Amino acid sequence: MPSRSSKLQSTWDEILSEIRKSVNPHRFNTWLRPTRQEKLESGTLVISVPDAELQQVNEKFRPQIEQAIRRLHLDGTVERVEVVLAARRAPDSLEAAPAAPAPAAPPPLQKTLEFDTGSLKPEYTFANFVVGGSNQFAHAAARAVAEKPGRTYNPLFLYGGVGMGKTHLMHAIGHQTKALGRPLRIEYVTAEDFTNEMISHLRHDSMIAFRDRYRSVDVLLIDDIQFIANKERIQEEFFHTFNALHGAGKQVVISSDRPPRELSQLEERMRSRFEWGLTADLQPPDLETRTAILMEKAQLERTKHPQTLELSPAVAEFLASKIKSNVRELEGAMIRLLAYCALKSLPVTIAAAEEALRNLLNQQQRKLDIEIIAKAVAESFNLRVADLKTRNNSQHIVFPRQVAMYLTRQLLDASLPEIARFFGGKHHSTVIHSIRKIEQERQVNQTLARTLAHLSEQLR
């Protein structure tokens, strides 16, 4: 007759044997093989792990554990699983070291799977994303990905300037996937946080756990990928993470401030993979879209804070017509105006806006010159004006410089030598070549045509 301890041990062994059928061998060996059963009492199955990091095993494998228990008809026997650290023995003594405090008892095993939505922001949904001509294509692509993750447009690469809505769409994909009731693990992370987390795991010699976390997700949303430029070790890790997910049919969504071909400081093999799926750009919104964005933002503020003053369409259109740089600055101006009127007990009018935002509006209306054009182009391409003046001839510098030269010639009565001197002392023939090239490409490249149109509207 088997002993009581062997009988108890076999309960967890049976569960592990069942889980092994549906779990990647690497994950099983990393997380589940080191576990041991301690006891089974009153419906609580206690298992021990040798390392504190492995105490996450219950959270990581909760769905698989629940399914195994149901398939083995152990529902009435095992109601919850508790994970504790294994007791350690001192090298010169047979006495066990004091056991670490047991964690609080986990909730009973659920019969339905839960979503891991990470740090998705609740306000960033498709419902409150304002769609216009500048972002319609990107919005449609994001919707399609959320409906069929891993099967439509994989990877999806979103790019655009600051405040264009890339982050909003990425969070919206996560929320929509969750809302459709799919048992998927969703992970949103910025490239900077991915980098910092990896460095931390390298320092603590725990890269296996890092890789397991990111290579076992179903939907990976990684924001501002340009942050890993010139970081070879990070690029290498992300390259293999991308391959693992894409090869397993998992969805990857990436955002950047520029298209893959212009990310010259990323490895060619990575840029190539980013173009495997669909690339969609988000351009600066037109006047109507900016106005709609302000009205939506004002409504959200009133929903969260009912005491917030109401913004009329006329005032929203006034702000949208005056502030064209980016959506974040526009929203900041609206919040400043509403706060100003609330503090002074004034109605929210155009006159109040002119008074509250005088300095900002004056900056927007300053006299146009080459410096202003260069600054607008540099911001659109996430560069500095100084970058446009250097002798750097890499594509991610040359193309924006050509755009700036073209717009300068179109919007100002500036001579070719004057333009050449401003942009690093180039020969005037370089200016002529740049203008001709942009004019020709504008005819066949709709993305460039929209960029030029928005920049011209912003500067006029």
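Note that the structure is predicted; figures quoted are calculated from it, not measured.
- Between Trp276 and Phe242, the ring planes lie tilted relative to each other; the angle falls in the 30° to 60° range.
- Counting heavy atoms from C-beta outward, Leu263 and His396 have side chains that stay 4.5 Å or more apart.
- Rounded to the nearest 0.5 angstrom, Asn196 CG and Met198 CE are separated by 11.5 Å.
- Tyr159 pairs with exactly one of Leu282, Asn382, Thr279 by the side chain to side chain contact (heavy atoms under 4.5 Å, CB included) rule, that one being Thr279.
- Applying the salt bridge (charged side-chain N to carboxylate O under 4.0 Å, His left out) criterion to Arg436, with sequence neighbours excluded, gives no partner residue.
- Residues Gly160 and Lys166 come closest through the heavy atom pair O-NZ, 3.0 Å.
- Between His171 and Tyr188, the angle of the ring planes lies from 30° to 60°, which puts this pair in the tilted group.
- Here the straight-line distance linking atom OG of Ser206 with atom CG of Asp212 works out to 11.5 Å at 0.5 Å rounding.
- The main-chain N or O of Ile228 is found under 3.5 Å from a side-chain atom of Gln235 such that the two form a donor-acceptor pair.
- Aromatic pair Tyr214/Phe194: centroids less than 6.0 angstrom apart.
- For the atom pair CD1 of Ile335 and CG of Leu294, the computed distance is 10.0 Å after rounding to the nearest 0.5 Å.
- Side chains of Thr241 and Arg211: a donor-acceptor N/O pair is absent below 3.5 angstrom, by distance only.
- For Glu268, the CD atom counts as densely surrounded, since its 6.0 Å shell holds more than 12 non-hydrogen atoms of other residues, nucleotides or ligands.
- Contact record, Asn243 with Arg273: OD1-NE, 2.8 Å, taken as the closest heavy-atom pair.
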Run the side chain to side chain contact (heavy atoms under 4.5 Å, CB included) test on Leu221 and Val189 for me, step by step, so that the C-alpha distance in whole Å, both residues' side-chain angles and the decisive distance to 0.1 Å come before the verdict. CA-CA 6 Å; Leu221 310 158; Val189 65; over 6 Å; no
Sequence neighbours left out, cut at 3.5 Å: what donor-acceptor pairs do the side chains of residues 138-150 make with other protein atoms?
none

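- Closest approach of Val398 to Asn392, counting heavy atoms only: CG2-O, 4.2 Å.
- The CG atom of Asp281 sits 10.0 Å away from the CG atom of Asn135 when rounded to the nearest 0.5 Å.
- Ser456 and Gln410 share no side-chain donor-acceptor pair at under 3.5 Å.
- More than 12 heavy atoms of other residues, nucleotides or ligands shown are found within 6.0 angstrom of CD on Gln307.
- Within a 6.0 Å radius of OH in Tyr153, no more than 12 heavy atoms belonging to other residues, nucleotides or ligands are found.
- Looking at every heavy atom in both residues, Ser255 comes nearest to Met170 through CB-SD, 3.5 Å.
- Annotation: Arg269, atom CZ; neighbour count of heavy atoms from other residues, nucleotides and ligands within 6.0 Å is above 12.
- The neighbour count for Glu236 CD, taken as heavy atoms of other residues, nucleotides or ligands under 6.0 Å away, is above 12.
- A salt bridge is defined here as a Lys NZ or Arg NE, NH1 or NH2 lying under 4.0 Å from an Asp or Glu carboxylate O, and Arg213 with Glu197 meets this definition.
- Residues in residues 215-231 take part in these salt bridge (charged side-chain N to carboxylate O under 4.0 Å, His left out) pairs, two or more places apart or across chains: Arg215-Glu237, Asp218-Lys250.
- Shortest non-hydrogen contact noted between Glu123 and Asn128 is O-ND2, 2.6 Å.
- In this structure, CD1 in Ile397 is found 4.5 Å from CG in Leu383, a value given to the nearest 0.5 Å.
- Listed here is the closest heavy atom pair of Met405 and Ile435: O-CG1, 4.2 Å.
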